[in-house]
Number of protein chains: 2
Amino acid sequence: MTETPNETPDNAPQPERFNQARAAQAMAVLEDYAEMIGDLMDEMGEARITDIAARMGVTHPTATKAVARLKREGLAMSRPYRGVFLTEAGVALADRVRGRHRTVVDLLIAVGVPAETAELDAEGLEHYVSATSLAAFEMFLANSAARS
Amino acid sequence: MTETPNETPDNAPQPERFNQARAAQAMAVLEDYAEMIGDLMDEMGEARITDIAARMGVTHPTATKAVARLKREGLAMSRPYRGVFLTEAGVALADRVRGRHRTVVDLLIAVGVPAETAELDAEGLEHYVSATSLAAFEMFLANSAARS
DNA sequence: ACACAAGTGTAGCCAAGGCTTTAATTGGCG
DNA sequence: CGCCAATTAAAGCCTTGGCTACACTTGTGT
Ligand SMILES: [Mn+2]
Ligand SMILES: [Mn+2]
Ligand SMILES: [Mn+2]
Ligand SMILES: [Mn+2]
């Protein structure tokens, strides 16, 4: 018979890591919408609800709700029946998110992930890469490039 | 003046990647609870709601709800006021998730992320690593080990 | 034996992020 | 100019994953 320990071992995992992951999760949707609105303004001159919804793969009421949250958080502005615009903070977020997305894709490719898969996985992964990890990724990529 | 294009460019991103990320997200909580229940059964001989909640960093009603969902999905079983057990499918999921978690941590460390940060980030990242990427990670780690 | 603390269950609240349905506005075209 | 299709808004539903407050079991210690 194997014995059945009932004392909690001192190597019991701490719950903080889950809180960090939950915090990242709460930002994920906001980040994707901010980036998308930035893309649309660059490509089309404006970001309309319909286009945002189409590119995010959701219905337009869902996009409207997300934009409402962006506005509430001071990341976007809009007036009824007009397009959506990013605030200064929104633009800053969008740029940061875009850069991080690219770095994540590049790192995945650098360790041997097929480009197509890298692009798919990065869309989820990007939101959970801390500043520390991102810096390490960039260092790794710089070294890879130099060594090649 | 910069011109304002209004035609959607043919390089417009496809929304499938967001759907993939959303699908992964829907599994994330289930995966973490399954892994945690597996850990508790190994370490303590049983998984009690209170211990699950403490380790996940949530209140016990939240843990109860998650377990209810695990049961609904055929991954766990339990009777009132008794501990929680994993089904065969639950054990399989827990094992898969545990292995993937380790591989993600190892990959992060291999590309230069500090061990402590790697552990924190992995808790969120793991759920968005596809089978294809995971295989690439393992290949990369095997090659790194060989080359060192 | 039983009182009481710890553990567990249950009800109900909230926000987020999906959805459908219905109403209102806009803007282009005949 | 005025009509109509496309766009946007608004209302309301669902599930998930948090929470608090309260009720009920369990099982240990005296
Ligand atoms: Mn994303
Ligand atoms: Mn992205
Ligand atoms: Mn996790
Ligand atoms: Mn994990």
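So that the names make sense, note that chain A is the first sequence line, chain B the second, and so on, each numbered from 1.
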*Might you point out which heavy atoms bring A:A34 and A:L93 nearest each other, and give the distance in Å?*
CB-CD2, 3.9 Å

*OP1 or OP2 of C:dT8 sitting under 4.0 Å from any side-chain N/O of B:T50?*
yes

*Whole-Å distance between D:dT8 C1' and A:I52 CD1?*
12 Å

_So that I can tick it off, tell me whether A:R98 and A:D95 are bridged by a salt bridge, with the cut-off set at under 4.0 angstrom between side-chain N and carboxylate O._
yes

*Starting at CE of A:M56 and ending at P of C:dA16, how long is that distance when rounded to a whole Å?*
16 Å

*Quickly work out the A:R79 CZ to D:dA9 C1' distance and round it to whole Å.*
15 Å

*Letter per nucleotide, 5' to 3', of nucleotides 17-27 of chain C [B base touched, S only sugar-phosphate touched, - untouched; heavy atoms, 4.0 Å]*: BBBBB--BSSS

*Side-chain heavy-atom pair A:E123, A:H101 within 4.5 angstrom cut-off*: yes

_Is the shortest side-chain heavy-atom distance between A:L108 and A:L125 below 4.5 Å?_
yes

*Starting from P on D:dG17, measure out to CG on A:N19 and report it in whole angstrom.*
15 Å

*Can you check whether A:T62 reaches A:M56 side chain to side chain, under 4.5 Å on heavy atoms?*
no

_5' priority, DNA chain D, between B:E73 and A:G83 [closest heavy atom]_ = A:G83

*Could you tell me how the ring of A:Y128 sits relative to the ring of B:Y128: parallel (under 30°), tilted (30 to 60°) or perpendicular (over 60°)?*
parallel

